> 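Before I ask anything, let me first share the structure, which is written out below as structure tokens.
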Amino acid sequence: MTPSSPRAVTVRVPAKVNVQLAVGAARADGFHDLANVFLAVGLYDEVTAAPADTLTITCEGPDAGQVPLDRTNLAARAAELLAARHGVEPRVHLHIAKDIPVAGGMAGGSADGAGALLACDALWGTGASREELLDICAELGSDVPFSLVGGAALGTGRGERLTPLETGGTFHWVFAVADGGLSTPAVYREFDRLTEGTDVPAPEASPALLDALRTGEAAALAKALSNDLQPAALSLFPSLAATLEAGTKAGALAALVSGSGPTTAFLAADGASAAVLADALLASGTCRTARVAESPAPGATVIRP
Ligand code: C5P
């Protein structure tokens, strides 16, 4: 059965940027408590689920070669978890059309997990409740619940406990994709190393940031953006400093590392400024590619049939 089969279900899932990522000290379980303000952005992966004899994964897109096609892929794990809970066999072919940077700090892997979950639920008619889907997402990874819900949300705990946030307008971004990826656990380990012996405060959402999201004012959001993982990402990937500087010089309202990186995010005043900024970033030679996108974006959505 091919992804274009009439019985196939396709789900579109957005990438994310963290407009605030406040990180607490390492917990006993190795995870970190967070105040993680997620904003979904309009760069999407599409996950198609089609009947098959066994669980298989294929992937297309410029960076498809970097995507694992075995059971470590969150899309495969999502299908297995849903199937196990509902007593069915995960007989499904999952096809990922990948547009979100791989290992880039934009939750591309999490997006594929949430997308596969929703697609398999529709394909198998399991009729899982929203609550059950969110539970499975949290089991898959800290960022996966947000990929399902999209929009804007505050994530607490390890980032999986979500409170939806209001946004008052459209924000315009440029994402500079680096040559290479960063491992999220490695970035958190570097955070632990850099903060060793210091008093790491409990993470809290910034009222100024939440206000800026509510009013939709890009200039106010620019002043409030923060990412506690940025020093760790820069320490492991020093060339990102040049990308951040190039975007700032080219007129970005603000520049920061997206999540655990190495994608860097630049806030622009409007769509036209974002296009100019993307050209300048590409011309600077400090990134592999530059993508323009708007936020907020909707969460995982069935788009076919
Ligand atoms: O939850 P997820 O599997 O996406 O996390 C990947 C890794 O990132 C974890 O194994 C952990 O090393 C780190 N992490 C963390 N604290 C969080 C989220 C992730 O230390 N809140």
Side-chain angles (χ1 to χ4, degrees), residues 13-40 45 47 66-68 70-82 96 98 100-117 133-150 153-163 181-196 198 200-206 226-237 257-263 299-300:
V13 203
K16 60 85 183 162
V17 63
N18 307 86
V19 285
Q20 183 189 3
L21 185 42
V23 183
R27 313 189 308 203
D29 64 2
F31 283 89
H32 298 70
D33 275 324
L34 305 178
N36 192 352
V37 183
F38 293 103
L39 195 54
D45 280 0
V47 182
Q66 298 165 50
V67 175
D70 59 16
R71 300 289 170 100
T72 62
N73 190 304
L74 286 183
R77 293 199 39 226
E80 283 176 332
L81 281 178
L82 183 71
I96 302 168
K98 177 144 281 297
I100 303 174
V102 178
M106 297 193 75
S110 299
D112 300 343
L117 186 63
L133 292 175
L134 283 169
D135 260 11
I136 298 175
C137 285
E139 205 175 326
L140 287 168
S142 308
D143 288 351
V144 186
F146 180 73
S147 299
L148 189 73
V149 303
L154 169 63
T156 54
R158 58 187 169 86
E160 86 287 15
R161 276 194 256 130
L162 296 179
T163 308
L182 272 175
S183 132
T184 303
V187 175
Y188 275 99
R189 275 198 302 277
E190 184 66 0
F191 171 88
D192 291 339
R193 195 184 69 79
L194 292 174
T195 56
E196 205 178 347
T198 68
V200 179
E204 274 179 40
S206 146
S226 71
N227 180 359
D228 287 353
L229 290 182
Q230 183 158 317
L234 282 169
S235 167
L236 297 177
F237 210 123
V257 170
S258 176
S260 56
T263 303

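Model, not experiment: these values are computed from the prediction. FYI, the numbering just counts along the sequence from 1. Order of appearance sets the numbers: ligands from 1, and atoms from 1 within every ligand.
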> Any idea which atoms of ligand 1 are less than 4.0 Å away from a heavy-atom of P185?
7 (C), 12 (O)
> With nothing but distance in play, are any N or O atoms of T184 less than 3.5 Å from an N or O of ligand 1?
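There is no such contact.
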> Is D112 reaching over with its side chain to a backbone N or O of A75, donor-acceptor style, under 3.5 angstrom?
no
> Is it true that G159 lies under 4.0 Å from ligand 1, counting heavy atoms only?
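Outside the 4.0 Å threshold, so no.
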> Just jot down the ligand 1 atoms closer than 4.0 angstrom to any heavy atom of G30, in number order.
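Counting atoms of ligand 1 from 1, those under 4.0 Å from G30 are 20 (O).
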> Can you tell me if E190 uses its side chain to pair, donor with acceptor, with the backbone of L236 under 3.5 Å?
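No, the answer is negative, given that no donor and acceptor are paired below the 3.5 Å cut-off.
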> Please find the pair of heavy atoms, one from A233 and one from S260, that lie closest to each other, and give the distance.
CB-O, 3.8 Å
> Are side-chain heavy atoms of N36 and F146 found at a separation under 4.5 Å?
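No. Closest side-chain heavy atoms not under 4.5 Å.
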> Measure across S235 and R193 and return the closest heavy-atom pair with its distance rounded to 0.1 Å.
OG-NH2, 4.1 Å
> Starting from atom 19 (C) of ligand 1, which protein heavy atom do you reach first, and at what distance in Å?
Y188 CE1, 3.6 Å
> Give the numbers and elements of all ligand 1 atoms closer than 4.0 Å to a heavy atom of R158.
1 (O), 17 (C), 18 (C), 21 (N)
> Can you tell me if CD on Q66 sees more than 12 non-hydrogen neighbours from other groups inside 6.0 Å?
yes
> Going by the closest heavy atom to atom 1 (O) of ligand 1, which one wins out of G24, S142, G113?
S142
> Please state which protein non-hydrogen atom is closest to atom 9 (C) of ligand 1 and give its distance, to 0.1 Å?
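Atom 9 (C) of ligand 1 sits closest to the protein heavy atom F31 CE2, 3.7 Å.
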> Testing the basics here: between R158 and R27, what is the closest heavy-atom pair and its distance to 0.1 Å?
N-NH1, 3.8 Å
> Specify the protein heavy atom at minimum distance from atom 3 (O) of ligand 1: its residue, its atom name, and the distance to 0.1 Å.
G141 CA, 4.1 Å
> Please list the nearest protein heavy atom to atom 15 (C) of ligand 1 with its residue and the distance rounded to 0.1 Å.
H32 ND1, 3.5 Å
